[in-house]
Trainee: 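Before we start, here is the structure in question, set down as structure tokens.
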Amino acid sequence: MKTDAWLLDATDLAGLPELPELRSPLLDAKVMLVDDEPLMTELIQTHLEEAGYRRFAVCNDPTQALAVLREQDPSVLLLDLMMPAVSGFDLLARIRAEREWRALPVIVLTASANAETKLRALKLGATEFLAKPVDASELVLRLRNTLAFKQYHDRRANLDAATQLPNAAWFERRLARALPGWLARGDRVALLDIQVPECASLRATLGLAAATQLARTLAERLTQLAAAHAGIDLASDLLEAEPTLARLALDSFALLLPRLPHDDDMQQLASDMLRELARPVLLGAHECRPTPAIGVALAPDDAAGVAELMKAAELARTQARGAGGMRHEFFSRELSERARERLELGEQLRHAADRGELRLHYQPKLDVASGRIVGVEALVRWMHPQRGLVAPGLFVPLAEELGLIARIGDWVLHQACADGAAWDAAALAPVRIAVNVSQPQFDGGTLVPTLRRALAASGLAPERLVIELTESMLMRDAEQALAQMRALEALGVSLSIDDFGTGYSSFSYLKRFPLDELKIDRSFVADLPGGARDRAIVRSVIAIGHDLGLSVIAEGVETREQLAALAELGCDMYQGFHHSRPMPPQALRVLLAAQPPARTR
Ligand code: C2E
Ligand code: MG
Ligand code: MG
């Protein structure tokens, strides 16, 4: 017998982690034999049994070979090339034509010493040759080698290269194979979809090596947690029921818990994972702070099939992400319905600007002392073909999330400037026009150029425009905000802080910002005239504004009493349903036209 030294063995595959289904030694492989000669298959089987193989599928009727193959799902096929009824070549060709059998090792048996025959079989996809009559030791060696290569190949094909965790293809197959059994036994199964966006985003910024290192670190943390939480008797006969961790995509992992822990343990596991994954990871000089989100779905509660279960976990994870990440969310039908609706709305929103479905309504801003309209606030609406007029509270956050806000904001700025220019052309009172911008617009760096274009296109003077920002936009990165505000100031537009009092503005920062106006949030106005405390709050906000040299406007003024209180406290301007609701431009024109010209001093 030849030396064994070059032979691959399962133990040579060190470094590759064990996967439950790939754990079996080579001798557990199921060997299928196709030969029209029963004597031949018997002989081969005897040789192999002597070598320790135990699992066989024998087919002496080649016309049935494909059916047997499908039913038996062997690890390797020994195929006779010369059979009277069906040619081994044809069989080989048909096997290779099937996607699922493309990687199946096929050892062909041929009595022919003809090189052409061998070449033809090779071209058709044979893995190995064995000469007939079969030499026992040669047979055993070839088979063992072929199986070892297959095992190696299987592991490679089923592992994520970076983390050495099973990949999505393997995970789905394992789940598909095991789920029906678990459910039939009455088990409940939990699937956790764990997303860490930094694994993907880092690749674009710091490169592949850093992204790989991050994924590895996170995989290690997850592995340790999963093992700690499994807490199952490892001698269990339920090897199949161990938790399984996999890497599903660049930025997502999955954890499968076949025997569902108690609900409290589930919660604990999810929050432990969030905490562990969020711990900073040092990548060279860069410190990465992962922001994981986890979705949990249960079978059979939420889904009975694999695809459905994975979809449910993903949906729950999307919800957790939508709520800001760093949290976990359980799947619920209600959530899923809402998510579907949002998805549909988002799709329609994508085209809203092109299809001319956006509208601007205007709400007057009035001078408290004179009662004159001194400005307007532009408020966007969406004229939805089926739902009618949709308020911005419903679609602006969605647009921000979907990255559509810049387009919508663009339209708003252009339309507001165009409307203002049209009022000027009609010789209406030259009021100031306030426009709201959102965080991504402010951060994105396109605000200033867009504004410049909108002003140029309409011919509106920049002094007529007020940009409304919120406190949170200014406080997130104060230095960057300051630079952006200076650029806006240089353009000649005014700046207002909207919803003032709801954020946590630092007074020292406010002093540094080139602001013109402060808008008291309507929650404070709602409390007026109210008791001494409420008045004290509003009074101090007005005092802060005036101290900073800003004009102060109150929003959400609904009653005469509120207006009287504001007048008494020295508020400069107001806006609210008490005077008028936001209205279409035509209605505003009528109001402006009816306003007598300002008295000249
Ligand atoms: P905001 O800028 O604080 O706008 C004031 C909101 O208060 C408006 O709601 C307005 O209709 C409402 N309001 C005015 N007076 C009263 C009142 O007396 N009582 C009550 N209860 N509410 C009053 P709207 O139009 O639904 O807009 C909501 C928010 O959507 C705005 O809050 C603003 O943050 C955002 N938004 C509106 N238009 C745009 C836009 O073009 N771009 C961006 N990024 N955001 C916008
Ligand atoms: Mg506003
Ligand atoms: Mg406001």
Side-chain angles (χ1 to χ4, degrees), residues 349 352-353 357-366 368 373 375-384 388-420 432-444 446-447 450-451 454 465-474 494-503 515-528 552-563 565-566 571 573-585 587-588:
L349 188 56
E357 293 170 359
L358 296 178
R359 304 276 181 276
L360 275 189
H361 281 190
Y362 292 93
Q363 186 177 38
K365 293 164 99 169
L366 300 105
V368 171
I373 300 174
V376 293
E377 178 175 7
L379 294 158
V380 70
R381 271 96 184 92
W382 176 14
M383 186 50 108
H384 189 279
L389 214 56
V390 183
L394 271 174
F395 69 89
V396 166
L398 183 61
E400 286 177 3
E401 203 177 295
L402 298 176
L404 303 172
I405 195 65
R407 277 189 53 84
I408 293 175
D410 242 56
W411 180 88
V412 168
L413 283 169
H414 275 89
Q415 190 59 42
C417 289
D419 284 345
R432 299 223 282 179
I433 304 166
V435 176
N436 296 280
V437 298
S438 57
Q439 181 97 47
Q441 263 179 298
F442 189 66
D443 290 346
T446 57
L447 184 56
T450 303
L451 254 174
L465 215 56
V466 181
I467 301 297
E468 291 195 5
L469 308 168
T470 61
E471 277 176 283
S472 58
M473 285 159 74
L474 306 184
S494 304
L495 299 174
S496 169
I497 298 198
D498 205 352
D499 307 338
F500 186 79
T502 54
L515 292 165
D516 303 279
E517 180 185 276
L518 187 156
K519 208 179 213 191
I520 305 179
D521 188 65
R522 67 164 175 264
S523 59
F524 300 106
V525 176
D527 292 339
L528 289 179
V552 178
I553 176 166
E555 66 174 6
V557 178
E558 295 183 351
T559 67
R560 192 185 322 143
E561 291 72 24
Q562 288 170 342
L563 179 57
L566 288 163
C571 193
M573 290 180 283
Y574 80 98
Q575 165 183 0
F577 296 170
H578 173 59
H579 180 270
S580 45
R581 293 185 175 252
M583 61 189 86
L588 182 75

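Atoms within a ligand are numbered from 1 in the order they appear, just like the ligands themselves.
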Trainee: Just by modelled atom types, is the Asp521 backbone N or O under 3.5 Å from a matching donor or acceptor in the Asp499 side chain?
Mentor: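 No, Asp499 side chain to Asp521 backbone: no donor-acceptor pair under 3.5 Å.
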Trainee: Is there a donor-acceptor contact under 3.5 Å from the side chain of Gln363 to the main chain of Ser580?
Mentor: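 Checked: pair present.
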Trainee: Any non-hydrogen atom of Pro582 lying under 4.0 Å from ligand 1?
Mentor: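 For ligand 1, residue contact (heavy atoms, under 4.0 Å) with Pro582 is present.
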Trainee: With nothing but distance in play, are any N or O atoms of Gln363 less than 3.5 Å from an N or O of ligand 1?
Mentor: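 Indeed, backbone or side chain, Gln363 has an N or O that close.
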Trainee: Consider ligand 1: state whether an atom of it lies below 4.0 angstrom from any non-hydrogen atom of Arg381.
Mentor: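 Yes, Arg381 has heavy atoms under 4.0 Å from ligand 1.
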Trainee: Only one of Glu468, Glu377, Glu555 clears salt bridge (charged side-chain N to carboxylate O under 4.0 Å, His left out) with Lys365; which?
Mentor: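 Running salt bridge (charged side-chain N to carboxylate O under 4.0 Å, His left out) over Glu468, Glu377, Glu555 with Lys365 returns exactly one hit, Glu468.
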Trainee: From Leu447 CG over to Asp410 CG, what is the distance, rounded to the nearest 0.5 angstrom?
Mentor: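 Reported to 0.5 Å precision, the distance equals 9.5 Å.
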Trainee: CG of Leu515 to CD1 of Ile467: how many Å apart, nearest 0.5 Å?
Mentor: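 Going from the CG atom of Leu515 to the CD1 atom of Ile467 covers 12.5 Å.
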Trainee: Atoms of ligand 1 less than 4.0 Å from Glu558 heavy atoms?
Mentor: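 Listed by number with element: 17 (C), 18 (O), 19 (N), 20 (C), 21 (N).
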Trainee: Nearest non-hydrogen contact with atom 16 (C) of ligand 1 belongs to which option: Phe442, Trp411, Phe577?
Mentor: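 Ranked by closest heavy atom to atom 16 (C) of ligand 1, first place is Phe577.
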Trainee: Under 4.0 Å from a heavy atom of Asp498: give me the atoms of ligand 1 that qualify, with their elements.
Mentor: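 Answer, ordered by atom number: 1 (P), 2 (O), 3 (O).
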Trainee: Taking backbone and side chain together, does Asp498 place any N/O/S atom at a distance below 2.8 Å from the Mg ion (ligand 2)?
Mentor: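 Given the 2.8 Å cut-off, Asp498 counts as a ligand of the Mg ion (ligand 2).
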Trainee: Could you check which of Gln575, Arg522, Glu555 puts a non-hydrogen atom nearest to atom 7 (O) of ligand 1?
Mentor: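 Comparing heavy atoms across Gln575, Arg522, Glu555, the nearest one to atom 7 (O) of ligand 1 lies in Arg522.
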Trainee: Does the side chain of Ile497 reach to within under 4.5 Å of the side chain of Thr470, using non-hydrogen atoms?
Mentor: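 A side-chain contact under 4.5 Å is absent here.
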Trainee: What about His578: any of its N or O atoms under 3.5 Å from an N or O on ligand 1?
Mentor: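 Such a contact does not occur with ligand 1.
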Trainee: Roughly how far apart are Leu469 CG and Glu517 CD, rounded to 0.5 Å?
Mentor: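 Here the rounded value is 11.0 Å.
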Trainee: Is it the case that ligand 1 has an N or O less than 3.5 angstrom from some N or O of Pro392?
Mentor: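 Checking ligand 1 against Pro392, no N or O pair falls under 3.5 Å apart.
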Trainee: For ligand 1, note which part of His361 has a heavy atom under 4.0 Å away: side chain, backbone, both or neither.
Mentor: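 For His361, no heavy atom sits under 4.0 Å from ligand 1.
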Trainee: Side chain of Gln562, backbone of Glu558: donor and acceptor closer than 3.5 Å?
Mentor: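 Such a contact is found between Gln562 side chain and Glu558 backbone.
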Trainee: Quick test of your reading of the structure: of Leu358, Val412, Leu379, whose heavy atom lies closest to atom 37 (C) of ligand 1?
Mentor: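 Selected option, by shortest heavy-atom distance: Leu379.
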Trainee: Looking at the Mg ion (ligand 2), is there an N, O or S atom belonging to Glu468 that lies under 2.8 Å away from it?
Mentor: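 For Glu468, the answer is yes, given that an N, O or S atom comes within less than 2.8 Å of the Mg ion (ligand 2).
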Trainee: Is the distance from the Mg ion (ligand 2) to some N, O or S atom of Ser496 under 2.8 Å?
Mentor: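 Given the 2.8 Å cut-off, Ser496 does not count as a ligand of the Mg ion (ligand 2).
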Trainee: To make sure I understand the geometry: which N, O or S atom in Glu377 is closest to the Mg ion (ligand 2)?
Mentor: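 Nearest N/O/S atom of Glu377: OE2.
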Trainee: Please say whether more than 12 non-hydrogen atoms of neighbouring residues, nucleotides or ligands are located less than 6.0 Å from CZ in Arg359.
Mentor: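 Counting other residues, nucleotides and ligands, CZ of Arg359 exceeds 12 neighbours.
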Trainee: Select one of side chain, backbone, both or neither to describe which atoms of Val437 lie under 4.0 Å from any atom of ligand 1, heavy atoms only.
Mentor: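 The backbone, only.
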Trainee: Would Lys519 count as a contact residue for ligand 1, given that I'm defining contact as a non-hydrogen atom of the residue lying under 4.0 Å from a ligand atom?
Mentor: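 No.
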Trainee: What orientation do His384 and Trp382 show, parallel under 30°, tilted 30 to 60°, or perpendicular over 60°?
Mentor: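 Plane angle over 60°, so perpendicular.
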Trainee: What is the distance from atom CG of Leu360 to atom CD of Gln415, rounded to the nearest 0.5 Å?
Mentor: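 It comes to 5.5 Å.
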